[in-house]
Amino acid sequence: MKPTPEPVYLNRRQFLIGLGLTATAAATGCAPSGVGTPGGSGGPEQALAAWKRLYPAARNLRYTLDRPLTDEAAAGRYNNFYEFGADKGAVGRLARRFPWYPWQVEVTGLVARPRVWDIDELVRTMPLEERLYRHRCVEAWAMAVPWTGFPLKALIEKAEPLSAARYVRLVSFHRPALAPGQAMQDWYPWPYYEALRLDEAMHELTLLATGIYGHPLPMQHGAPIRLVTPWKYGFKSIKSIARIEFVDRQPPTFWNDVAPAEYGLEANVDPSVPHPRWSQAMERLIDTGQLVPTAPFNGYGELVAGLYV
Ligand SMILES: Nc1nc2c(c(=O)[nH]1)N[C@H]1C(S)=C(S)[C@@H](COP(=O)(O)O)O[C@H]1N2
Ligand SMILES: [Mo]
């Protein structure tokens, strides 16, 4: 990870050439589709049509990769999203019809300006950009993907946290009638919840992603909005966020409540701290199967190590 000193933005055409997507972005048809809620606000198809001009967003060249991008189709059929079951290969199919639009994100808790954002207004108000990030799952597989999104910091600044706010708690949806994993695995403490320290949430790397591979997120990647914290294990990157809450005490997190012997709140990628059942020294790239060494902080140490001194 060699960050360039200043963000450099390309125009849309240079971006397309750089990503090699000039022909494929439109052809893959990987944008989410689903059954919307009937009514004036329309459904996913209308939302996608209206957002067309926003994607792909200009790439921010401060965030570069030292490994190739993961094949898009491979990333889209190997998904952890327990709301739709534990079978990574089935999530895409089981999630396809989930009505992710209309969607609202409630920003609440210890803030001067609590509010409920419509996803439409959020994607239009926030500065969308594309970033190439590595992603490392605690299960020792990895990928490298182009996210589209905006820094969580931009939303936090609009909310104006009170001085008592020290943690940010993020909560996903709970709709067991539409999410078979929630219905069948009803022993899990749904909805999925995660948390960051406020300084981690404000860090430049912390992204709220609304897109991937140059188009809005397909449901299996967490439509319509998900967190991305690339120096932490993937379970921190909560999908399909419905609520963002500012609190003064360290909140519990979903996987830590389910499996307390595993990783806690911080969950930074660290090759020297094994999982109770496997080593974290190496990782497997999901498309090629190649095994590569895992880097501390998933390669983002230069940017984030200062948070943990
Ligand atoms: N709501 C929710 N978010 C979630 C999960 C989940 O089960 N539910 N799984 C996490 C895990 S373990 C990983 S590795 C990433 C996977 O993201 P991807 O499918 O887009 O690659 O999502 C994370 N976010
Ligand atoms: Mo994961």
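Just follow the structure's listing: the first ligand is 1, and inside any ligand the first atom is 1.
- When ring centroids are compared, Phe84 and Phe81 come within the 6.0 Å threshold.
- Among pairs with a residue in residues 76-93, those fulfilling salt bridge (charged side-chain N to carboxylate O under 4.0 Å, His left out) read Lys88-Glu139, at least two apart in sequence or across chains.
- Residues meeting the salt bridge (charged side-chain N to carboxylate O under 4.0 Å, His left out) test with Asp71, sequence neighbours left out: none.
- Between Phe173 and Trp103, the angle of the ring planes goes over 60°, which puts this pair in the perpendicular group of the 30/60° scheme.
- Taking Glu160 as the reference, Arg113 meet the salt bridge (charged side-chain N to carboxylate O under 4.0 Å, His left out) condition, with sequence neighbours excluded.
- Near ligand 1, Asn79, Asn80, Phe81, Tyr82, Glu83, His135, Cys137, Trp141, Met143, Ser172, Tyr192, Gln220, His221, Arg226, Gly234, Phe235, Ser237, Ile238, Lys239 each place a heavy atom less than 4.0 angstrom from the ligand.
- Few gaps surround CZ on Arg284; more than 12 heavy atoms of other groups in view lie less than 6.0 Å from it.
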